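To keep things clear, I will list the structure first and then write my remarks on it.
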Amino acid sequence: MIDIDLIRERPDILRESGEKRGQEFRIDEAIDLDRRRRSTITEIDNLRAKRNDVSRELGKTSDKPQELIEEMRAVGSKIKILESDEKRLAENLDSILLDIPNVPSDTSPVGQDESKNVVVRTIGEAPSFSFEPRPHWEIGEELGIIDFQSGVKLSQSRFYVLKGKGATLQRAVISWMLDLHVKNHNYVELYLPFMVNRETVKGSSHLPHFEENMYHDEEDDLFMVPTAEAPITGLFRDEIIDESDLPLRYVSHTPCWRREKFSAGRDTRGIKRVHQFDKVEMYKFVKPESSNEELEKLVKDAERVCEILKIPHRVLELCTGDLGFAASKSYDVEMWASGTSEWLEVSSCSNCTDFQSRRSAIRYRPESGGRPRFLHTLNGSGLAVPRVLIAILENYQQEDGSVVVPEVLRPLTGFDKISAGS
RNA sequence: GGAGGGGUCGCAUAGAGGCCUAGUGCGGGCGCCUGCUAAGCGCUUAUCCCUGUUAUGGGGAUCGUGGGUUCGAAUCCCACCCCCUCCGCCA
């Protein structure tokens, strides 16, 4: 949620933000609704003050003048009418405000689409092969570790089954990434609900604009989490945190469910884009003045995974048109996949500034005292599991069709190679 | 799922139409007292909104949530949510 003060005092900032993102917001309408709403509130408050006075007097005397009671009855019904006006104005205003994304950071490159993203750095060399490297879906099927047909049989397309060493490899990847962030990067591990209520997804700003992409349980009005970002944001909804407790850093492994409605027909082969995937997510609650610095550290934490796995990667800074709804500044981390010869987005690290905390009412009390302030939230994958598996399979594949397990994972897998029939 | 009980200020509790503009205790803050500490004493102690000015201003809202009754609701009525106890079911 953007700051209503921007509507009131700096609509120019929002207009500029809209231009940078290539969107248009109904700012003038919002300004008008806000003005009408405030004057309605003033009117309501004045009437209530009057009624409170009179009622208090009536309470003190045994003599109850009928005409005063009549008058207050009229005031009461006037208040009711104004209240419903106010409610309607607030709803209309909200529906505009909820549609306005976060304001891009001044440092984000300006551009309409992903072609304007900027490569910040590239680390590692693509491995060279003495043979034609194959895509992961061929490798996975041949080794008998990814079973696409069973996924379709059990569910529908874009679901899959991991078998044998494939499943073990995934478990090792998850466990190792969690340990890395907990032990070396100072995050606290969380085990979270995989279904969350409406308030929670509203707070993380997946509602309303992401609604079509989430699986929803009608009976209990719960949403399957599209990312751990949603429940973690909700952890401190409507709470005031002591400044001395900040920053809070969390990491959690959850499945993520997405309908992928907007990607119909894209990436239909393999496990790159599926309805259910696992992810290790990093998340921070920080003081506003430190969020830029924390974003840089967050990216480093994600990159560390690539480095240790010895998989080439690059970091992109997203341009304004490619930024997510809640993000003001984002970096994507991409791993190189030799088989498909493409860069795979394995992490998107974002500084959401006070956008989500405003929406979720997450504040902190300054040590120096004074009013509570909205804190800043950041999130980033650390990393998306299926795409890491893709990168491992495609970059560690051997001429004989086997796949070597990255060294760091071997203590967890208990094997150093996956070969056909093994 | 059934039957009971309950949700009040950070915590604990009082409150049962107007004396609640929510009391008291604890905890927190400031001060006094004081060899030090403790005790004692005094003051203070939430959030949001409107207005406004920079005054330690005025007003409104918030007693689980949302409706209703009433001149007036923490208090009465309705619905929902959550917690506890027992029963049933169950990994």
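Keep in mind that this is a model prediction, so the values were computed, not measured. By convention in this document, chain letters (A, B, ...) are assigned in the order of the sequence lines, proteins followed by strands, and residues within each chain are numbered from 1.
Residue A:R51 places none of its side-chain N or O atoms closer than 4.0 Å to OP1 or OP2 of B:G59. For the pair A:R371 and B:A46, the criterion of a side-chain N or O lying under 4.0 Å from OP1 or OP2 is not met.
One C1' atom belongs to B:G15, the other to B:G27, and the distance between them is 22 Å to the nearest Å. Across the P atoms, B:C41 and B:U24 are found 14 Å apart, a figure rounded to whole Å.
Between the base of B:G59 and the side chain of A:D45 there is a donor-acceptor pair shorter than 3.5 Å.
Of the nucleotides present, B:U13 is the one that pairs with B:G23 by Watson-Crick or G-U wobble criteria, both distances under 3.5 Å. In this entry B:C36 has no Watson-Crick or G-U wobble partner, no candidate having both defining distances under 3.5 Å. B:G4: Watson-Crick or G-U partner is B:C84, with both key distances under 3.5 Å. If you check B:U47 for Watson-Crick or wobble pairing at under 3.5 angstrom, you find it paired to B:A61. Pairing of B:U53, defined by two Watson-Crick or G-U wobble distances under 3.5 Å, is not identified with any nucleotide.
Between A:Y160 and A:F148, the ring-plane angle classifies as tilted under the 30° and 60° cut-offs.
Residue whose closest nucleotide on RNA chain B sits further toward the 5' end, between A:R73 and A:R8: A:R8. The residue among A:K80 and A:S55 whose nearest nucleotide of RNA chain B lies closer to the 5′ end is A:S55.
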Test side-chain contact (heavy atoms from CB on, under 4.5 Å) on A:R134 and A:Q397; report intermediate values, then the result. CA-CA 8 Å; A:R134 295 183 300 158; A:Q397 62 180 303; 3.9 Å; yes
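Inspection of the A:D278 and A:H253 side chains reveals an N or O donor paired with an N or O acceptor under 3.5 Å.
A:N46 has its CG atom 9 Å from the P atom of B:G60, to the nearest Å.
Taking CD1 of A:I7 as the start and CD of A:E29 as the end, the distance is 10.5 Å to the nearest 0.5 Å.
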